[in-house]
Amino acid sequence: MTPFTELSALACPLPLENVDTDRLIPARFMKESRDKGYGRFLLHDMRFDEDGTATDFILNHPRAKGSEILVARRNFGAGSSREAAVYALVDYGFRCVIAPSFGDIFSSNSVNNGLLPAVVSEQDAERLLALLDEGPDEIHVDLERQRITAFGESFPFEIDATWKIKLLNGWDDIDLTRARHDEIEAFRNAYTAAHPWTRPE
Amino acid sequence: MTQLPRTLFDKIWDAHEILRNESGQSLLWIDRHFVHEGSFHAFNKLNDRGLKVAHPERTTGIADHYVPTRGRSIKVVTDKVRSVIEQLEHNTRAHGVSLFGLDDPRQGIVHVVGPEQGITQPGLVMVCGDSHTSTHGALGALAFGIGASEVAHVLATQTLWQTKPKRLRIKVEGRLRPGVGAKDIALAWISRLGADGARGYAIEYAGEVIRDLSVEARLTLCNLSIEGGGRCGMIAPDEKTLAYLKSRPLAPGGKDWERAVEYWRTLNTDEGARFDREITLRGEEIAPQVTWGVSPEEALPIDARVPDPALASSQAEAARIRDSLDYMGLIPGQPLTEVTVDSVFIGSCTNARIEDLRAAAEVLKGRRCKVPGIVSPGSTLVKQQAEEEGLDRIFTEAGLEWRESGCSMCVGMNGDQVASGERCASTTNRNFKGRQGPGARTHLMSPAMVAAAALTGHLTDLRELTR
């Protein structure tokens, strides 16, 4: 996975609460293989009418073109555990979402795909949305210092300590865990000896 | 040394912690894992790395999200749907994982089948690539939903990295009024705390009302924990739990049962254990709930009116309400009982167990519905049981379709969808925009309330109907 250290990129405002994963990628697209990318499904039913015509949704505006950062309101990525919601964001070109809160499973899915879920205060999210409302500009995200700089203002953000290390290094859990095989085996033996009924038939 | 008092959650967490890293994340041992059709991303990841499933005996495959409900022939589905079902068959076979496939008599929705088969047990850590895995906590398991990368991790290692959540206890004291059940308790707390109100918390439900709930009702309550943002929801096992589990096909038997029970009896929150947050609801104060918007937090008692954005406390709230009402096609101030519906759906991992079907059938018995709808039992065994009790005839004589078991119209993946602009009274768990199909309008409520809406053609106060 590509490490995430710093990012200077255009940001797109999405002033909505509870943008759930069903909206990020409607269920009917999830049977597709990812070979051709999931970017085309991102927020599909907000970007397109039922007859396939592009709407005036922000992502269809010229100003959103090339955005790699999304700023939203509370509870972004709530709902279903579908990692496809993150695939859609990543394949579309997003590398960071800034919001006051995220769905738990969405956050861990993001980190597992190199997408930074940056948690800011409600107040700072509103300030960023207001600033972005005036026009596009580059935002700078520094993961090491947990700082966002935009329009000459600076905002702190939060991220789980382990997730920060994973993102900074582009680490993959499976490799890290497999390196602890002996500890896992020792645990398993002790655990199943103490709880023999948990052994499947 | 005397041990500090611990919560139910902490006892299970501690028993499964293999190690903790420098930044405080724990590597947890996973007792049981379920995979459904959506697991193809995870299996692809495993195959790309040339890895095998570390403990195939600890994973169970179940076909539910994409299965057809009009009969069991895979021929009736579209090529792409068939391909997803076949990938599950192929992946489980290739990795030696058992599968409750389309033709298996044990097939059903994963969160109905797990408890039904006795796979779900107190004290286990259970995961599945599905957010409603919180359901299994009703039997005293620590169970939560995970994403595809984590599914691949569990398949490869039988472990998972987790940051320990905080603890929230939701107590419901007193007693419930007639016509009120687990679905109403859930929507009541979620509308009070918000759809992210329990984010970062492991929830334990406790109190008199919870003790009085049946195991099936507890499954409904824990199922909806994720809709309030909770990592998991759980209830300490008691005599009801043991009675429910005894003799289930995959529950421990013989000597193992005795040992297990001895351990399970220790799985409760110690006197004096600390929660990071506690809230208490009074059972008597909970009325039958319905959602009016596009998030489960947008729920109200059935005798309330549609919210008015002009009365909102902030501009952001007003904007959210306006957006929800616009999508739902509702008028501010309109009594909820005047909202007409086009169809109904009874099904899903939330409310399609035998007690749910009985509750809906009791309302419908001998009557005709004003609107069409479908009933999809939570599992093939639930379907069989319902047919033995004659419930299928009550539904069909009332004008509803009696279908096979699957996730069906809760998520619309198999093609069972609500048409655009149409309004559905549904026993499911999400009223998100487009959840039941593009442009579909969903109102969540209990099975009995859905049955009442089916009879009258509008959202209905069950208590008025049965009075």
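Order of the sequence lines sets the chain letters (A, B, ...), proteins ahead of strands, with each chain counted from 1. Side chains are part of it too, since the values below use all heavy atoms of this structure and drop only hydrogens, waters and symmetry mates.
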Should [X] and [Y] count as an ion pair when the cut-off is N to O under 4.0 Å?
| X | Y | answer |
| --- | --- | --- |
| A:R74 | B:E297 | yes |
| A:R199 | B:D31 | no |
| B:D79 | A:K31 | no |

Is [X] close to chain B through its backbone or its side chain, or both, or neither, when contacts mean heavy atoms under 4.5 Å?
| X | answer |
| --- | --- |
| A:P26 | neither |
| A:H181 | neither |
| A:L176 | neither |

Atom group of B:A316 that falls short of 4.5 Å from chain A, counting heavy atoms: both
Can you tell me which portion of B:I146 sits under 4.5 Å from chain A's heavy atoms? Options are side chain, backbone, both or neither.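 Contact with chain A involves the backbone of B:I146 alone.
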Who among [options] has the most heavy-atom pairs with chain B under 4.5 Å?
| options | value |
| --- | --- |
| A:R34, A:R73, A:R82, A:R180 | A:R180 |
| A:D160, A:D45, A:N113 | A:D160 |
| A:N109, A:N112, A:D20, A:T192 | A:D20 |

Judged by atom type as modelled, is there a donor-acceptor pair below 3.5 Å linking the side chain of A:R28 to the main-chain atoms of B:P438? no
Give me the ring orientation class for B:W29 and A:F187: parallel if the planes are under 30° apart, tilted from 30 to 60°, perpendicular past 60°. tilted
Specify whether A:W197 and B:Y263 have parallel, tilted or perpendicular ring planes, treating 30° as the upper limit for parallel and 60° as the lower limit for perpendicular.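 Geometry flag for B:Y263 against A:W197: tilted rings.
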Closest-packed option against chain A by number of heavy-atom pairs under 4.5 Å, given B:V411, B:D130, B:L19, B:T157: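 Counting heavy-atom pairs under 4.5 Å, the top option is B:L19.
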Report yes if the side chains of A:E17 and B:S295 come closer than 4.5 Å at any heavy-atom pair, otherwise no.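 Heavy-atom side-chain distance check fails, nothing below 4.5 Å.
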Residues from residues 97-106 of chain A approaching chain B under 4.5 Å (heavy atoms): A:S101, A:F102, A:D104, A:I105
